[in-house]
Visitor: 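The structure follows.
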Amino acid sequence: MAKKAAVINDLSGFGKCSLNAAIAVLSAFGIQPCSIPTAILTNQTQFPIYKTVDFTEHMPDYINIWKKNNASFNGIYSGYIANSKQVDFITEFIDTFKDENTLVLVDPVMGDNGEVYREYSREMCDKMGELAAKADFITPNLTELCILTGNDYFKVSGLPFRAKISAVEEMAYSLADKNNQTVTVTGIIDGDKIYNGVFGQNIELLVTTKYYNISFSGTGDLFASTFFGSLMQGFNTQKALETAGKFIEISILDTICQEDIDPNYGVEFEKNLSYLIQSTDT
Ligand code: PXL
């Protein structure tokens, strides 16, 4: 039987992010995604106009009914939240369904490029920090890593390369050691390179891909989904990191060769799902 992952994230009609990304990627890995929407949006919130339907009131049913149906999960993965109360739900979900074999990944979605997403309050960021502390793996981008550790993104991102990596290392290990977890930091940009790093007990890895001077919607979600799917299928952290980085890179390459690119619409990842299917053959 296929492995099952509970995926707690929003459903955005445009942006190729959140649940849309996770469902596609996990399915390509041969994992069954079991979705819990945090919110349903016309499109992701970086578009000039969007509308959100908050799903909070329906979320407790998922715990109650799934528990009665004897649901169990090999993995639990959470992303975008619509309000701070949802953290209590996700925490309860983890406490209810996690056993010693369940992999928990929290992508602490809060912002990008030094800015907090417009729907996120200070309280939501604080609660996201509490949630992230419960996970086996977290996948913050540099902005989110700075928020989680109380550092100034603009100070860190402006540092020369070696100092920047040292600062990332220090921040990542402060979380990894405190929470006994592995911290995967995505999207550390330096010139025309982009670095993704893993920092955990007995492991430190840094993988580079090319940065094309443009950031697209959903790449963080595609990365986290690929990393999570890869780990769930038993690949080691290095392989998971490399597969996720490569999948995003080839999808960006397939996007930037087109005319009239709008980064809000995300990347051409669909045609590259076959790369993930192949990655499970080896
Ligand atoms: O990809 C992160 C993300 C997820 N969900 C929604 C978003 C964003 C980023 O803006 O708006 C609704």
Side-chain angles (χ1 to χ4, degrees), residues 5-26 33 35-56 58-59 77-87 89-90 105-121 124-125 127-129 131-132 135 137-148 153 184-189 194 196 214-229 244-245 247-249 251-252 255 261-270:
V7 189
I8 307 165
N9 214 328
D10 72 273
L11 186 64
S12 287
F14 282 95
K16 299 194 185 183
C17 55
S18 329
L19 279 179
N20 272 317
I23 291 168
V25 166
L26 293 177
S35 303
I36 305 180
T38 54
I40 301 174
L41 293 92
T42 52
N43 42 267
Q44 54 92 351
T45 64
Q46 305 294 301
F47 282 94
I49 318 169
Y50 64 91
K51 190 170 171 195
T52 309
V53 175
D54 185 315
F55 211 63
T56 313
H58 305 289
M59 292 170 75
Y77 159 32
S78 76
Y80 186 93
I81 55 169
N83 57 58
S84 59
K85 222 175 131 210
Q86 293 189 345
V87 169
F89 166 82
I90 300 169
L105 185 143
V106 170
D107 186 9
V109 175
M110 290 185 281
D112 208 357
N113 301 314
E115 295 197 2
V116 176
Y117 292 137
R118 48 180 153 162
E119 294 287 302
Y120 274 65
S121 63
M124 284 166 74
C125 294
K127 292 280 278 188
M128 186 62 99
L131 177 63
F137 285 85
I138 60 171
T139 50
N141 59 30
L142 185 54
T143 303
E144 291 153 352
L145 182 67
C146 288
I147 298 171
L148 289 173
Y153 168 88
T184 299
V185 185
T186 64
I188 310 158
I189 295 164
I194 186 154
N196 298 311
I214 178 164
S215 297
F216 291 92
S217 164
T219 51
D221 302 339
L222 288 167
F223 185 98
S225 302
T226 307
F227 186 69
F228 177 67
F247 177 58
I248 307 301
E249 187 178 33
S251 300
I252 288 176
T255 312
I261 306 162
D262 180 345
N264 279 329
Y265 285 95
V267 293
E268 293 281 309
F269 75 84
E270 297 85 348

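Every number for a ligand or one of its atoms is a count from 1 in the order of the listing. Just so you know, these numbers come straight off a predicted model, no measurement behind them.
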Visitor: One line per pair, note the atom names and distance for all nitrogen or oxygen contacts under 3.5 Å between ligand 1 and the protein.
Guide:
residue, atom, partner, partner atom, Å
ligand 1, 1 (O), Asp221, OD2, 2.8
ligand 1, 5 (N), Asp10, OD1, 2.7
ligand 1, 5 (N), Ser18, OG, 3.2
ligand 1, 10 (O), Gln46, NE2, 3.2
ligand 1, 11 (O), Thr45, N, 2.8
ligand 1, 11 (O), Thr45, OG1, 2.7

Visitor: Check residues 262-269 and write down every donor-acceptor pair under 3.5 Å in which the side-chain atom is one partner and the other belongs to a residue at least two apart or another chain.
Guide:
residue, atom, partner, partner atom, Å
Asp262, OD1, Asn264, N, 2.9
Asn264, OD1, Gln44, NE2, 3.4
Glu268, OE1, Lys271, NZ, 3.1

Visitor: With sequence neighbours excluded, tell me which residues meet side chain to side chain donor-acceptor pair (under 3.5 Å) with Asp54.
Guide: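 Checked Asp54 against side chain to side chain donor-acceptor pair (under 3.5 Å); matches are Thr56, Asn83.
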Visitor: In the structure I gave you, are the side-chain heavy atoms of Ser251 and Leu222 within less than 4.5 Å of one another anywhere?
Guide: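 They are not in side-chain contact.
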Visitor: Go through the structure and list residues passing side chain to side chain donor-acceptor pair (under 3.5 Å) with Ser12, not counting sequence neighbours.
Guide: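 Partners of Ser12 by the side chain to side chain donor-acceptor pair (under 3.5 Å) criterion, ordered by chain and then number, come out as Asp10.
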Visitor: Could you go step by step and tell me if Tyr77 and Phe137 meet the side-chain contact (heavy atoms from CB on, under 4.5 Å) rule?
Guide: CA-CA 9 Å; Tyr77 159 32; Phe137 285 85; over 6 Å; no
Visitor: Before giving the answer on side-chain contact (heavy atoms from CB on, under 4.5 Å), spell out for Asp112 and Asn141 the whole-Å C-alpha distance, their side-chain angles and the decisive distance to 0.1 Å.
Guide: CA-CA 7 Å; Asp112 208 357; Asn141 59 30; 3.4 Å; yes
